[in-house]
K.L.:
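One structure, as structure tokens, below. Some questions next.
Lettering of chains follows the sequences in order, A, B, ..., and the numbering in each one begins at 1. Everything numeric here is computed off the predicted structure, so don't read it as measured data.
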Protein chains: 2
Amino acid sequence: MRAEVLQVRAFSRAVTRRFGVLDEQYLGRRRPLAEARLLFEVGMHATAVRDLRARLGLDSGFLSRLLRSLERQGLLVTESARDDGRIRVARLTRAGRRELHHLNALSDALARSVLAPLSPEQARRLVAAMAEVERLLCASSIAIAPAQPGDQDAANCRRQYFQELGSRFPEGFRPTAAHTLTLRRLEPRAGRALVARLAGDAVGFGAVRRIAPGMGEIKHMWVAPRVRGLGVGRRLLAELERAARGMRVRVLRLDTHASLTEALGLYRSAGYRKIPRYNDNPYAQHWFEKVLVASVRPGRG
Amino acid sequence: MRAEVLQVRAFSRAVTRRFGVLDEQYLGRRRPLAEARLLFEVGMHATAVRDLRARLGLDSGFLSRLLRSLERQGLLVTESARDDGRIRVARLTRAGRRELHHLNALSDALARSVLAPLSPEQARRLVAAMAEVERLLCASSIAIAPAQPGDQDAANCRRQYFQELGSRFPEGFRPTAAHTLTLRRLEPRAGRALVARLAGDAVGFGAVRRIAPGMGEIKHMWVAPRVRGLGVGRRLLAELERAARGMRVRVLRLDTHASLTEALGLYRSAGYRKIPRYNDNPYAQHWFEKVLVASVRPGRG
DNA sequence: CGCATTCTCTGACTATAGTCAGAGAATCGT
DNA sequence: ACGATTCTCTGACTATAGTCAGAGAATGCG
């Protein structure tokens with residue numbers, strides 16, 4: 001563990017030094033770095049100011065000033081959104097798009113300057129290692145937390161989940177009230193809903209509810225396609241089990257459709273055993289159960 | 001190439017975001033980041049202010065102010081160097097060392113927070129990929145440039161080279177004037193000396209000199225132990241060949257000792273062929289030659 | 001309708017990270 | 001010995017990156 005921690009630190013130092021310095025040299029030469037980043041973030045299509053604020057994590061006053069500055073330079077314009085007059089939308093002008101292209105070219109040059117001194121074989125290996133680091137840092141940035149009641153993102157995850165069921169079940173899918181959980185129905189002590197977030201975006205969802213004394217049920221496990229294969233499902237499931245234990249649940253059940261092969265694999269490898277049908281869900285072909293035991297390993301996230 | 005460049009850019013964005021934000025959250029909470037970095041850089045033993053300036057790349061006025069600030073906080077003291085009264089040396093006080101330990105602990109926590117959400121297998125792979133990226137970024141940061149006449153670092157490289165020969169040759173080594181190049185002897189048009197630098201430190205050296213019309217000789221190729229295996233020797237050699245071509249040299253020769261196995265391997269794989277003894281160097285057992293042809297690939301360094 | 005909330009903006013302020021010119025002390029080179 | 005150079009420091013200045021409070025317009029909700 002110690003050696004791993006030291007490697008992470010050495011990596012962080014090496015990379016932020018190299019790229020931080022280059023960023024300033026390449027991108028920040030002509031204008032403040034914050035303005036350059038904002039140009040990147042607005043990008044080619046109109047973007048709401050509130051989204052910019054969320055994505056860049058900036059103070060609203062500061063962002064507003066940056067927008068005014070770019071506006072004065074003729075690089076972008078802002079206008080009110082059609083459907084909501086409070087929201088302002090920023091859009092690059094022709095000159096702004098040209099400037100963005102220029103920044104992109106600089107950014108490419110920066111990347112090339114990193115690859116250039118290397119042999120083709122070294123460059124290939126560097127790129128592969130970078131992809132791996134990026135993928136795993138993404139996995140590590142995903143935080144799992146309880147869904148707040150009335151959480152729009154959580155509701156949105158459920159919607160995407162249902163849509164996906166509809167497209168994957170050969171027979172189609174139409175959610176029935178009986179098998180659909182609302183967050184409200186879980187409150188206050190009937191269950192728990194968790195949301196996985198990546199940089200503010202909800203990228204995973206899962207819920208557990210009590211269905212009998214000492215017995216719980218996992219519902220609506222879903223992971224956004226773009227973060228599949230990063231272990232988010234496994235982490236969500238582990239956290240739901242932790243929550244279930246906290247609710248004095250000893251046995252967890254769940255049902256699933258035969259076409260959801262990744263889910264079937266996850267449940268099996270997480271220790272769930274097939275049991276006979278225990279409910280009347282018309283879309284389920286498999287039913288699982290796991291007896292929870294006191295966990296040795298503490299929760300991780 | 002395009003895909004590789006995009007991967008490098010995506011990586012840079014992901015990593016600087018993740019670690020930049022964390023750095024500020026963890027290390028910069030109690031004091032300006034520049035001060036924290038300075039504490040790290042001074043470290044456990046006394047360090048000359050000029051070295052701090054070089055390593056951190058700071059303006060002398062700014063650094064001086066940072067030092068005064070840390071001095072006021074009782075974290076370090078500065079005093080004049082014994083052998084040179086102009087040079088000031090900074091050293092952490094007891095309180096400064098405590099603070100450094102604290103910063104180290106925070107830095108460790110930061111690293112752990114990256115690893116914590118991952119499965120053991122994912123963590124293992126992340127650390128391995130980080131090590132690879134760090135290694136190759138280090139390789140890519142090494143710049144090869146002509147040695148300025150009177151360059152202390154270049155002279156120092158030659159000294160280390162001789163020391164290493166002394167420790168590796170079974171018969172020992174004592175440089176003879178006849179086979180030792182000084183930079184001055186290469187000036188102005190008799191040859192060229194190149195230095196490889198990593199963040200200001202000289203980590204490699206090599207020279208080429210004209211020994212007959214159309215004929216050159218590679219001398220004093222040396223790569224610092226800490227950057228071996230990164231392809232620096234190969235790059236140095238390629239650049240020396242480029243320089244030789246620029247000097248209208250068509251045939252390059254070199255001699256080497258039987259115990260320098262890496263060098264022998266490098267010369268062979270770079271297209272050098274064994275030839276009979278062409279000089280009276282008492283320490284040489286192998287002589288090589290390469291006929292230079294117009295290079296298809298442009299220089300890369 | 002009217003009150004609470006959301007969203008953006010402005011003004012006033014602060015902290016951080018420098019840059020630049022020049023002074024003063026020490027040392028180097030000849 | 002002495003002029004050039006090196007090294008550090010101070011004072012004065014600027015740019016960047018914010019923070020915070022509050023105003024004003026638009027919308028949501030009962």
Side-chain angles (χ1 to χ4, degrees), chain A residues 16-17 20-21 23-25 27-39 41-42 46-73 76-91 150 152, chain B residues 16-17 20-21 23-25 27-39 41-42 46-73 76-91 148-152 184:
Chain A
T16 56
R17 242 187 226 186
V21 167
D23 266 8
E24 277 157 41
Q25 275 182 0
L27 305 181
R29 185 138 48 187
R30 298 155 50 102
R31 71 182 73 259
L33 217 58
E35 283 186 19
R37 275 196 275 260
L38 180 51
L39 280 175
E41 203 60 51
V42 173
T47 313
V49 170
R50 47 176 302 186
D51 295 341
L52 294 172
R53 201 164 48 235
R55 270 186 267 160
L56 292 167
L58 295 177
D59 172 84
S60 81
F62 183 41
L63 175 58
S64 183
R65 233 173 294 277
L66 287 175
L67 287 170
R68 288 303 82 70
S69 165
L70 291 175
E71 216 162 17
R72 267 197 310 280
Q73 293 169 60
L76 60 73
V77 290
T78 58
E79 55 205 13
S80 292
R82 299 236 175 92
D83 51 333
D84 187 337
R86 294 168 302 181
I87 295 176
R88 305 222 86 203
V89 171
R91 189 165 45 75
Q152 280 313 301
Chain B
T16 55
R17 239 185 228 187
V21 167
D23 265 10
E24 277 156 40
Q25 275 182 0
L27 305 180
R29 184 137 48 189
R30 297 157 49 102
R31 72 180 74 257
L33 218 59
E35 283 185 21
R37 274 197 276 259
L38 181 52
L39 281 175
E41 203 59 51
V42 174
T47 313
V49 170
R50 46 175 302 184
D51 294 341
L52 294 173
R53 199 164 50 234
R55 271 186 266 160
L56 293 167
L58 296 177
D59 172 85
S60 81
F62 183 43
L63 175 58
S64 183
R65 236 173 293 276
L66 287 175
L67 286 170
R68 289 302 84 69
S69 165
L70 291 176
E71 218 163 16
R72 268 199 307 282
Q73 294 169 59
L76 60 73
V77 290
T78 58
E79 53 204 15
S80 291
R82 298 234 178 93
D83 52 333
D84 188 337
R86 293 168 304 181
I87 294 175
R88 304 223 85 203
V89 170
R91 188 166 44 76
Q148 301 306 318
D151 185 331
Q152 282 311 301
R184 193 158 308 153

K.L.:
Distance check, rounded to the nearest 0.5 Å: A/Leu33 atom CG versus A/Leu38 atom CG?
P.N.:
11.5 Å
K.L.:
Write down the atom of A/Arg31, the atom of A/Ala36, and the distance for their closest heavy-atom approach.
P.N.:
CD-N, 3.9 Å
K.L.:
Rounded to the nearest angstrom, tell me the gap between atom CG in A/Leu38 and atom P in C/dT8.
P.N.:
13 Å
K.L.:
Rounded to whole Å, how long is the line connecting atom CZ of B/Arg50 with atom P of D/dC7?
P.N.:
4 Å
K.L.:
Check the distance between C/dG18's P and B/Glu35's CD and give it to me in whole angstrom.
P.N.:
13 Å
K.L.:
Rounded to the Å, how far apart are A/Leu67 CG and C/dC9 P?
P.N.:
6 Å
K.L.:
Given atom CG of A/Asp84 and atom P of C/dC7, what is their separation to the nearest angstrom?
P.N.:
8 Å
K.L.:
Locate the shortest heavy-atom distance separating B/Val42 from B/Ala90; write the atom from each residue and the value.
P.N.:
CG1-O, 3.9 Å
K.L.:
Which angle, rounded to 10°, do you find between the first-five-pair axis and the last-five-pair axis of the helix from C/dC1-D/dG30 to C/dT30-D/dA1?
P.N.:
30°
K.L.:
Just how far is it from atom CD of B/Glu79 to atom CZ of B/Arg82, taken to the nearest 0.5 Å?
P.N.:
7.5 Å
K.L.:
Return the nearest nucleotide to the side chain of B/Pro32; candidates are C/dA17, D/dA17, C/dT8.
P.N.:
C/dA17
K.L.:
Whole-Å distance between C/dT6 P and A/Asp51 CG?
P.N.:
16 Å
K.L.:
Just list the side-chain donor-acceptor pairs under 3.5 Å for residues 61-71 of chain B, sequence neighbours left out, or say none.
P.N.:
unit_1: B/Ser64; atom_1: OG; unit_2: B/Arg68; atom_2: NH1; d: 3.3
unit_1: B/Arg68; atom_1: NE; unit_2: B/Glu71; atom_2: OE1; d: 2.8
unit_1: B/Arg68; atom_1: NH2; unit_2: B/Glu71; atom_2: OE1; d: 3.3
unit_1: B/Ser69; atom_1: OG; unit_2: B/Glu35; atom_2: OE2; d: 2.8
unit_1: B/Ser69; atom_1: OG; unit_2: B/Gln73; atom_2: NE2; d: 3.0
unit_1: B/Glu71; atom_1: OE2; unit_2: B/Thr78; atom_2: N; d: 3.2
unit_1: B/Glu71; atom_1: OE2; unit_2: B/Thr78; atom_2: OG1; d: 3.0

K.L.:
Between B/Ile87 and A/Asp83, which is nearer to the 5' end of DNA chain D once each is assigned its nearest nucleotide?
P.N.:
B/Ile87
K.L.:
Choosing from D/dC9, C/dT8, C/dA26, which nucleotide comes nearest the side chain of B/Arg86?
P.N.:
C/dA26
K.L.:
What heavy-atom pair brings B/Arg53 and B/Leu58 nearest, and what distance separates the two atoms?
P.N.:
CG-O, 2.9 Å
K.L.:
How far apart are the closest heavy atoms of B/Arg55 and A/Arg17, and which atoms are they?
P.N.:
O-NH1, 4.5 Å
K.L.:
So if I take residues 55-66 of chain B and measure heavy-atom distances to DNA chain D, which residues fall below 4.0 Å?
P.N.:
B/Ser60, B/Gly61, B/Ser64, B/Arg65
K.L.:
For a 4.5 angstrom cut-off between non-hydrogen side-chain atoms, does B/Ile87 reach B/Arg50?
P.N.:
yes
K.L.:
Given C/dC7, is OP1 or OP2 found less than 4.0 Å from the side-chain N or O atoms of A/Arg53?
P.N.:
no
K.L.:
Roughly how many Å is it from CD in A/Glu79 to C1' in D/dA26, rounded to a whole number?
P.N.:
17 Å
K.L.:
Send over the distance from A/Leu52 CG to C/dC7 P, rounded to a whole Å.
P.N.:
14 Å
K.L.:
Closest heavy-atom contact between A/Gly85 and A/Ser80?
P.N.:
O-OG, 3.7 Å
